[in-house]
Each structure stands twice: as C-alpha cells, then as structure tokens.
There are 2 protein chains.
Amino acid sequence: MKALPPVRILSACDRCEVRRKSICNAVKPVLQKEISRISRVRTFEAGNTILAEAEDSVFLGIVMSGILRVQRTMADGRQQIVGLLLPADFFGRVFERTSGVAVEAATDVTLCCFERHAFERLLSRSPELEHQMFLAVLRELDAARDWMLLLGSQTIPERVASFFLILHRRTTVIEPDMPSRKRRLSVHVPISRHDMAAYLGTTVETISRVIQDMSRRGIIEIHSPQHFGILDEKRLVRCSGREELSIGHRCLADEPHMAVG
Amino acid sequence: MKALPPVRILSACDRCEVRRKSICNAVKPVLQKEISRISRVRTFEAGNTILAEAEDSVFLGIVMSGILRVQRTMADGRQQIVGLLLPADFFGRVFERTSGVAVEAATDVTLCCFERHAFERLLSRSPELEHQMFLAVLRELDAARDWMLLLGSQTIPERVASFFLILHRRTTVIEPDMPSRKRRLSVHVPISRHDMAAYLGTTVETISRVIQDMSRRGIIEIHSPQHFGILDEKRLVRCSGREELSIGHRCLADEPHMAVG
DNA sequence: GCCGTTCTTTGATTCAGGGCAAAGAACGCT
DNA sequence: AGCGTTCTTTGCCCTGAATCAAAGAACGGC
C-alpha cells in the first residue's frame with residue numbers, strides 16, 4: 001500500500017506576516033513547529049503596559065503589528081525610551097526574572113507571545129535557536145551603542161535628523177531599481193511627540209521647534225503631525241552629522257531589534 | 001601495572017587572576033583547555049588602539065589587567081565612550097567582520113586574546129560556551145540601556161554621582177560582615193577627566209567643576225585627581241537621583257561587561 | 001634637582017535647550 | 001455637528017552646561 005502524499009496543515013504561523021523577517025525564519029522547520037506550539041497571539045491597545053519595570057517578566061515574544069516602546073522610568077517620573085520595536089522585532093528578557101525595563105504599547109499592537117520558561121526550555125534544547133537569539137542580541141547591542149553616541153554627543157537637531165533617517169531606513173523596503181533621485185521620500189513617524197522626546201532625550205517643545213525649523217528651511221515637509229516628506233535628503237544627512245545614515249548606505253541598525261524588556 | 005596518578009600540568013590559565021570571574025570559569029574543564037590552546041597573552045600601553053572603528057576585527061579576548069575604553073568617533077572628532085572594560089570583561093565582536101566601535105587601552109593593559117575565527121569555531125562547536133557568551137551579552141545590553149537612561153535623562157551632577165557609585169560597586173569586593181557604617185568608602189577612578197567626560201557625555205571642565213563642588217559640599221573627599229573618599233554615601237545616592245545605586249543594593253550592572261568592539 | 005608636557009582646575013562669557021504658559025489642531029465621543 | 005480631551009505648536013524667559021582663556025598641579029625625562 002502506497003503512502004499518501006503528505007498533507008500540509010497550515011498553522012497560524014504560516015499566515016504570519018512578519019515570519020520571514022523574524023527569528024522564526026532563521027531556524028529549521030521542525031523547530032518552527034515547536035515554536036508554533038507554544039505561541040499565542042495577543043493584542044493590546046495603545047498605552048497598555050505589556051511588561052512592567054519591576055514585575056516578573058512571565059512572557060516574551062515577537063511584534064506582529066504596531067509599535068512597542070521599551071523604557072526606563074526614574075523615581076521622579078523622568079523617563080527614557082531605550083528602544084522602539086517594530087514588527088518582526090523580539091521583546092522580553094530571557095534568562096532573567098526581571099529586566100528593569102518596561103515594555104508598553106506605543107500604538108495598538110498584535111504580539112506573538114511565548115511563556116518565558118517554555119521558550120527558555122526550547123532555547124536550552126536548541127542551540128540553533130539560541131544562536132539566532134544571540135546574533136539578534138548582538139545586533140541590538142550595536143544599536144544601543146549607536147544610540148548612546150546620539151544621546152551623549154549629538155545636538156537635538158542632529159538627533160531629530162538622525163531619527164528621521166534611521167526610521168526611514170528601517171521602514172522602507174529598498175527598491176534598488178527605482179532611481180533614488182526620482183523616488184518620493186517620505187517618513188511615517190508612528191509615535192507621538194512625547195515618545196519622540198523620551199526617545200531622543202529632550203522635550204516635546206524642542207522636538208516641535210526643531211521639526212518646524214527643518215520644514216521652514218525646506219529640508220522636510222510636514223504632511224501631518226506624523227507624516228513627513230524628505231525634500232532634501234543630502235541636507236538632512238548633513239544635519240544629522242552622520243554620513244553613514246545616508247540612504248543607500250548599509251549599516252548594522254537595519255536588522256530587526258531585540259528588546260530585552 | 002598500575003596507572004600513575006594523573007599529573008596536572010599548569011597552563012597559563014591556571015595562574016590567571018581573572019579566570020574565576022570571566023567566561024572561562026563558566027564552562028567545563030575540557031572546554032577551558034580548548035580555550036587555553038587558542039589564547040595568547042598580549043600587552044598594550046595606555047593610548048594604544050586595540051581595534052579600530054572601521055578595520056576588520058581579527059581578534060577578541062578578555063581583559064586581564066588595566067582598563068579598555070570602547071568608543072565611537074564622529075566625523076568631526078566628537079567621541080563617545082560606550083563602554084569601559086575592567087579586568088575579566090570580554091572585548092571584541094563575534095560573528096561580524098567589523099563592529100563600528102574602537103577599543104583602546106585607557107591604561108596599560110594585559111589582554112588574553114583569541115583569533116576571532118578560531119574563537120567562533122569554538123563557539124559553533126560548543127553550545128555551552130555560546131550560552132555563556134549569550135548571557136554576558138544580555139547583561140551588557142542591560143548595562144547599555146542603563147547608560148542610555150543616564151545620558152538621555154540625567155543632569156551632569158547626577159551622571160557624575162551615578163558614575164562614582166557604579167564604579168564603586170564594580171570595583172569593591174562586597175564584604176557583608178564589615179558594618180557599612182564603619183567601612184571606609186573610597187573610589188579609584190582609573191581614567192582621565194577627558195575619558196570621564198567622553199563617557200558621561202560632557203566636557204572636562206564641567207566634570208571638574210562638579211567634582212570640586214561635591215567635595216566643597218562634603219559629599220566626597222579628593223585624595224588625588226583619581227582617588228576619592230565617599231564621605232556621605234546617602235547624599236551621594238540622592239545626588240545620583242537613583243536609589244537603586246545605593247551600596248548594598250544588588251543590580252544587573254554588577255556582572256562583568258562585554259564589549260562588542 | 002629642573003623643565004617641558006600633559007592634565008586639571010578656575011574664571012568669564014555665551015548660548016542651546018528646558019520650563020512655563022497659552023493658543024491652536026486634531027481626535028474621539030455622543 | 002458640537003464638545004471635551006489630548007496632542008502640537010509658539011512665545012517668552014531663564015538656567016545648565018559649553019566654550020574660551022588662562023592659571024595651577026602633576027608627571028616623566030634627563
């Protein structure tokens with residue numbers, strides 16, 4: 001008796017939009033199945049806390065849609081965003097009871113969640129998965145160091161320009177066939193001025209002033225509070241003080257991020 | 001014929017002072033031997049560049065003595081120290097040709113070096129070693145995020161106070177039997193004012209002014225430009241704006257660092 | 001010891017960016 | 001559509017920290 005052709009059961013993961021960019025794509029199918037088995041999709045509204053700063057982190061996962069902010073808050077209320085997570089990015093701190101950072105929904109979000117201990121067991125059994133996580137955390141550390149340069153050595157206008165360029169880079173699918181001259185450059189800033197300020201180490205007022213000024217000087221164009229056009233890319237790069245952020249220039253920050261929150 | 005009792009050959013590693021605190025201690029003896037085989041002790045004078053920012057990173061290793069600074073430099077010369085490596089800390093970027101940060105000797109240093117590819121081969125063969133590296137990088141990321149809070153949200157006096165407390169924490173062997181009241185608190189700052197400024201995101205002049213002011217107010221005592229006494233720990237903690245830096249309070253930053261340079 | 005170099009401190013001045021207050025826009029909600 | 005709430009912009013003032021300049025201290029070499 002002949003064996004029937006294998007029937008492929010579609011799991012939720014097979015329809016996952018971020019899969020090919022996330023850690024799931026980097027491991028063998030058999031492992032993907034195991035990940036799939038312990039995963040659970042959850043949604044949160046903008047403003048909700050996914051993981052609190054002091055609390056035990058019981059789960060972690062991958063952003064499917066929306067934006068997460070990873071932040072630390074001081075006793076007197078000052079807060080610093082230490083990471084912004086876009087779809088396909090990983091959040092949560094493995095191998096530590098608590099991480100000392102909070103993870104919050106900056107917009108409505110859909111997350112693919114794992115119970116932390118289950119995921120850690122998987123990591124322990126699978127060096128391949130752990131290797132991929134290791135690579136992701138290394139990239140995240142590179143990005144964190146890059147941000148330290150921004151916070152420690154750059155002026156506010158430079159930070160804003162850098163932010164636009166990095167955001168553009170991370171959200172744009174590179175289309176090399178289209179001549180960059182003709183391409184209409186636009187950036188969508190998916191967060192509020194308040195979050196921008198907390199990310200760039202400044203205040204909402206200053207953010208606003210800098211943006212208006214860049215617009216007045218014809219470097220950018222304000223379509224709406226969150227949508228901008230880049231009118232003069234070269235000048236924007238010059239404003240950022242960092243040649244390496246020039247569009248087309250590859251860099252480490254392109255890779256998905258990893259929040260250890 | 002009876003087997004002779006095993007003869008233990010002492011390798012350089014057996015005399016290594018930082019071994020018990022470094023990654024070597026966290027893996028099995030058989031692996032330690034393998035690490036030992038590919039290691040080579042090298043020394044550099046203060047000011048030397050171990051790894052340049054743009055160059056290929058051909059080796060990596062562990063600090064045995066002295067201090068390394070991990071830094072990024074902007075086109076116009078501004079530079080930010082993104083990590084300070086003390087004995088037992090790991091430096092170098094695995095799985096990447098170049099890391100975009102420079103590693104320099106802040107003092108005369110002794111390093112236990114590995115050729116990068118040889119070390120990576122070892123990592124690939126040994127999930128245990130990779131796991132330990134993974135943990136170390138996770139801790140380093142925690143520390144980087146902590147520093148982002150410092151650079152993005154704290155005033156300069158707060159940064160200086162935090163720096164003293166963190167340094168004290170990292171260089172003091174905790175002696176719980178000795179009553180903390182009576183313990184003479186002292187900090188040795190192993191780097192120049194210039195490096196402090198580059199680490200804290202400010203200038204030498206401001207660093208100097210803040211230190212002199214803290215001394216005038218009786219919070220610290222200046223024994224020499226690099227040696228200080230902590231006269232009023234409580235007030236120093238209050239200056240830092242961060243209760244969690246209070247001496248005796250455990251935190252993630254206590255662990256050895258990992259420079260991905 | 002003396003002397004040049006580098007590191008640190010101090011003073012005077014300037015200015016980028018923060019804080020406060022209020023007006024204006026955008027976004028629900030019913 | 002009308003209205004309250006939240007988000008963003010703008011103006012004014014002020015302060016923390018950078019900059020410039022120069023004096024002191026510490027260090028290394030001979």
Side-chain angles (χ1 to χ4, degrees), chain A residues 45-48 67 69 74 76-80 105-108 150-163 188-217 220-228 239 241, chain B residues 45-47 67 69 74 76-80 106-108 150-163 188-217 220-228 239 241:
Chain A
E45 287 181 359
N48 280 10
I67 312 278
R69 56 171 182 254
M74 288 178 52
D76 63 5
R78 279 176 286 180
Q79 52 185 37
Q80 179 65 38
T107 66
D108 292 353
L150 181 140
L151 293 174
S153 300
Q154 297 191 255
T155 65
I156 309 292
E158 286 173 339
R159 297 183 205 183
V160 173
S162 299
F163 178 68
H188 172 223
V189 176
I191 54 172
S192 67
R193 294 283 183 275
H194 180 266
D195 283 351
M196 269 188 82
Y199 197 29
L200 299 176
T202 180
T203 60
V204 280
E205 296 95 325
T206 301
I207 292 279
S208 178
R209 277 186 261 266
V210 169
I211 288 178
Q212 298 301 321
D213 185 59
M214 291 202 320
S215 157
R216 243 172 276 123
R217 296 198 290 152
I220 60 167
E221 183 177 36
I222 304 171
H223 300 137
S224 84
Q226 302 210 330
H227 291 86
F228 304 89
C239 279
Chain B
E45 286 182 359
I67 312 279
R69 54 172 184 252
M74 290 178 52
D76 64 3
R78 280 176 285 179
Q79 53 185 36
Q80 179 65 38
T107 66
D108 291 352
L150 181 141
L151 293 175
S153 301
Q154 297 193 255
T155 65
I156 309 292
E158 284 174 339
R159 298 183 204 184
V160 173
S162 298
F163 177 69
H188 172 222
V189 176
I191 54 172
S192 67
R193 293 284 182 274
H194 179 267
D195 283 351
M196 270 188 80
Y199 197 27
L200 299 175
T202 181
T203 60
V204 280
E205 295 94 325
T206 302
I207 292 279
S208 178
R209 274 186 258 269
V210 168
I211 288 177
Q212 298 301 320
D213 184 59
M214 292 202 317
S215 155
R216 244 173 274 121
R217 295 197 292 151
I220 60 166
E221 181 177 37
I222 304 170
H223 300 136
S224 83
Q226 303 210 328
H227 292 85
F228 304 89
C239 280

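Just so it is clear: chains get the letters A, B, ... in the order the sequence lines come, proteins before strands, and each one is counted from 1. Everything numeric in this text was worked out from a predicted model, so none of it was measured.
- Of all heavy-atom pairs spanning B:Ser215 and B:Ile222, the tightest one is CB-CD1, 3.7 Å.
- The nearest whole Å value for the distance from the CG atom in B:Asp213 to the C1' atom in C:dG11 is 15 Å.
- Going from atom CD of B:Glu205 over to atom P of C:dG11 covers 14 Å, rounded to whole Å.
- Taking atom CZ of B:Arg78 as the reference point, atom C1' of D:dT19 lies 14 Å away to the nearest angstrom.
- B:Ile156 CD1 to B:Thr206 OG1: the interatomic distance, rounded to the nearest 0.5 Å, is 6.5 Å.
- Each of A:Gln154, A:Glu158, A:Gln80, A:Arg159 was checked for a side chain to side chain contact (heavy atoms under 4.5 Å, CB included) with A:Leu200, and the lone residue meeting it is A:Arg159.
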Would you tabulate the nitrogen or oxygen pairs shorter than 3.5 Å linking the protein to nucleotides 24-30 of chain D?
none

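- Atoms CE (A:Met214) and C1' (D:dT9) sit 15 Å apart, rounded to a whole Å.
- Atom NE2 of B:His194 is separated from atom P of C:dT6 by 13 Å (rounded to the nearest Å).
- The nearest whole Å value for the distance from the CD1 atom in B:Ile207 to the P atom in C:dT9 is 10 Å.
- Rounding to the nearest 0.5 Å gives a distance of 10.5 Å between CD1 of A:Ile207 and CG of A:Asp195.
- In this structure, A:Ser192 reaches the sugar-phosphate backbone alone: every heavy-atom distance under 4.0 Å involves primed, P, OP1 or OP2 atoms, never a base.
- With rounding to the nearest 0.5 Å, the separation of OG1 in B:Thr107 from CZ in B:Arg69 is 9.5 Å.
- Atom CZ in A:Arg216 sits 11.5 Å away from atom CE in A:Met214 (nearest 0.5 Å).
- One interatomic measurement links the two molecules: CD of A:Glu45 to P of C:dG28, which rounds to 12 Å at whole-angstrom precision.
- Between atom OH of residue B:Tyr199 and atom CD1 of residue B:Ile191 there is a gap of 8.0 Å, rounded to the nearest 0.5 Å.
- Relative ring orientation between B:His227 and B:His188 is described as parallel, the plane-to-plane angle staying below 30° on a 0-90° scale split at 30° and 60°.
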Sub-3.5 Å pairs of nitrogen or oxygen atoms, protein against nucleotides 16-18 of chain C:
residue: C:dG17; atom: OP1; partner: A:Ile156; partner atom: N; Å: 3.1
residue: C:dG18; atom: OP1; partner: A:Thr202; partner atom: OG1; Å: 3.2
residue: C:dG18; atom: OP2; partner: A:Thr202; partner atom: OG1; Å: 2.7
residue: C:dG18; atom: OP2; partner: A:Thr206; partner atom: OG1; Å: 2.6

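- Atom CG of A:Asp195 and atom P of D:dC7 are 10 Å apart (whole Å).
- Taking CE of B:Met196 as the reference point, atom OG1 of B:Thr203 lies at 11.5 Å (rounded to 0.5 Å).
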